2 protein chains.
Amino acid sequence: MSHTLGVRQAQKQKTRRALLDAALELLEEQSLSSLGLREVTRAAGVAPTAFYRHFRSVEDLGVALVEEALGSLHPMIRTIVSTTGDGEERIVRAIGLIARHVDAHPAHVRFIARERHGGVQVVREAIRDQLALFAVEVGEALAEDPVSAGWGEEDLMMLAQLYVDQMLVTASALLEAPVSGVGARERVFRTAVRRMRLIGIGRAHWLEGGVGGGG
Amino acid sequence: MSHTLGVRQAQKQKTRRALLDAALELLEEQSLSSLGLREVTRAAGVAPTAFYRHFRSVEDLGVALVEEALGSLHPMIRTIVSTTGDGEERIVRAIGLIARHVDAHPAHVRFIARERHGGVQVVREAIRDQLALFAVEVGEALAEDPVSAGWGEEDLMMLAQLYVDQMLVTASALLEAPVSGVGARERVFRTAVRRMRLIGIGRAHWLEGGVGGGG
DNA sequence: CCATCCAGTCAACAGCTGTTCTCCGACGTT
DNA sequence: AACGTCGGAGAACAGCTGTTGACTGGATGG
């Protein structure tokens, strides 16, 4: 399938990875708009000027990180929305998947949570666009779910966005839970399940109170 | 009531305000961890060294901004939770109050949304603590509401946190809506109302599916 | 084998940063 | 009227920043 990269391109990719990883680690204790080019290259063990061979600027690197972080999240969403089983079981499994993802890629999750409303415009926009795609994806899955039968397009998207938001809120909360306290993590998990349960209940009774958008 | 401040203290407060306002304005396009001391003093029209007469560091100024921003939000929460009327009317009024607050203090809202997960630890903690207080306050109001009769403490807090989160999400979404597009803002408003409505429905049916926490 | 390419290095630049110390002058107090 | 207080200004410090141009040496492709 994929062409075996030449030695040259392989080395370049390696340096690029070193830059991205160094940035990701530095960003655990600061935000992108304060991240310096020299700071990154120093942490990556490369000369400052080497940076320009890979990125036009730090903002550019930030956009690359968005694609990487949310790209890895994409398959997870597909898994969640395609999960079968009754309501409660689905919820627990979904939150479990989120928790696993947070454990596997904590730096990515932190980066997205931090820069979603961060100080770099292009990065904010990149995140917003990706999340909008997620919402559309979730919305399409919801449209095929019998529980959402008869729902209007606007209501479906409202619920899809709510799910995406909850996913981020949950991931962020799991991240903030102290690594030492197993109890704290368990509590966050249970609260997240309850939230999803409440939303599920609201969803199940959504059409009861009279629809027909009389506006 | 309040002692009339001397000329000296009045001047000091004035400079302090200038620093806070300058910082707030600068923070609309960057984040706190990249905000420089000299940058702030320059924008405030003061010598760099004057900064130290008011704050130990930029982080310190950040904490002051948290207190100011969330302090002004405190009375709004009280107003919302004490609002009477049927469900739908309450929701519309609450979101309306949020929208008014965003219009009145956009820089404050932006600051909180940005620094809640931002790169400065002490500021994150200050925001987290204040939001926890809000949740407690909302939780107490919910406990007195007949709709929540028979709810366990943990469920009440889950719902209270959900409301506080939704408040921030809504405020942030209103802020990001382009100032030009009146339609965009209206759409954000309607979506927020639907979200609250769904949560309200979930709340109304919460105790139906069998309680008793058999775990 | 040779010419080309190109990721990474090095030196240097003007400009910015936080922090210290010293000083000034208006205010508050006696 | 004299004196202590103290918010703010000024100069200077070492250290950092992004960006430039010219250069090197190993991989690439004919």
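Just so it is clear, the values below take in all heavy atoms, side chains as well, and ignore hydrogens, waters and symmetry mates. Just so it is clear, the model here is predicted, and its values are computed rather than measured. Numbered from 1 within each chain, the chains take letters A, B, ... in sequence-line order.
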- Item | Residues B:R195, A:D155: salt bridge by 4.0 Å N-O rule | no
- How far apart are the closest heavy atoms of A:V188 and A:A177, and which atoms are they? CG2-CB, 4.2 Å
- Note on the structure: A:E59 atom CD is separated from D:dT19 atom C1', nearest whole Å, by 16 Å
- To the nearest angstrom, the NZ-P distance between A:K12 and C:dC5 comes to 15 Å
- Message: Would you say CD of B:Q9 has more than 12 non-hydrogen atoms from neighbouring residues, nucleotides or ligands within 6.0 angstrom?
- Response: no
- A:R56 CZ to D:dT20 C1', in whole Å, measures 16 Å
- Message: Within residues 23-48 of chain B, which residues have any heavy atom lying less than 4.0 Å from an atom of DNA chain D?
- Response: B:R38, B:V46, B:A47
- Quick one: do A:R78 and A:E137 make a salt bridge, cutoff under 4.0 Å? yes
- Note on the structure: Rounded to whole Å, the CZ-P distance (B:F51 to C:dT20) equals 13 Å
- Hey, does A:A50 reach any base, or is it just sugar-phosphate, or nothing, if we go heavy atoms under 4.0 Å? base
- Between B:R203 and B:D145, is the closest basic N to carboxylate O distance under 4.0 Å? yes
- Task: In plain terms, say whether A:R17 and A:E68 are close enough for a salt bridge, that is, a side-chain N and a carboxylate O under 4.0 Å apart.
- Result: yes
- Do the rings of B:H108 and B:H105 sit parallel, tilted or perpendicular, given the 30° and 60° boundaries? parallel
- Message: Of the options D:dT19, D:dA9, D:dG7, whose atoms approach the side-chain atoms of A:Y52 most closely?
- Response: D:dT19
- Query: Which nucleotide in the set D:dG10, D:dG8, D:dT20 lies at the smallest distance from any side-chain heavy atom of A:T49?
  - Reply: D:dT20
Please list each protein N or O that sits under 3.5 Å from an N or O in nucleotides 28-30 of chain C, with the distance.
| unit_1 | atom_1 | unit_2 | atom_2 | d |
| --- | --- | --- | --- | --- |
| C:dG28 | OP1 | B:V7 | N | 2.8 |
| C:dG28 | OP1 | B:R8 | N | 3.3 |

- Query: Do other residues, nucleotides or ligands put more than 12 heavy atoms under 6.0 Å from B:R190 CZ?
  - Reply: yes
- Query: Atom CZ of A:F55 and atom P of C:dA7: how far apart are they, to the nearest Å?
  - Reply: 13 Å
- Task: Find the runs of at least 3 consecutive base pairs, i with j, i+1 with j-1 and so on, that include DNA chain C, using Watson-Crick or G-U wobble geometry with both distances under 3.5 Å.
- Result: C:1-12 with D:19-30, C:14-17 with D:14-17, C:19-30 with D:1-12
- Task: Whole angstrom is fine here: how far is it from CZ in B:R53 over to C1' in C:dT22?
- Result: 11 Å
- Query: Going by an N to O cut-off under 4.0 Å, is there a salt bridge joining A:D129 and A:R124?
  - Reply: no
- Query: With a 4.0 Å cut-off, would you call B:R16 and B:D21 a salt bridge?
  - Reply: no
- Message: Check this for me, if you would: do B:E88 and B:R197 make a salt bridge, where the nitrogen-to-carboxylate-oxygen distance has to be below 4.0 angstrom?
- Response: yes
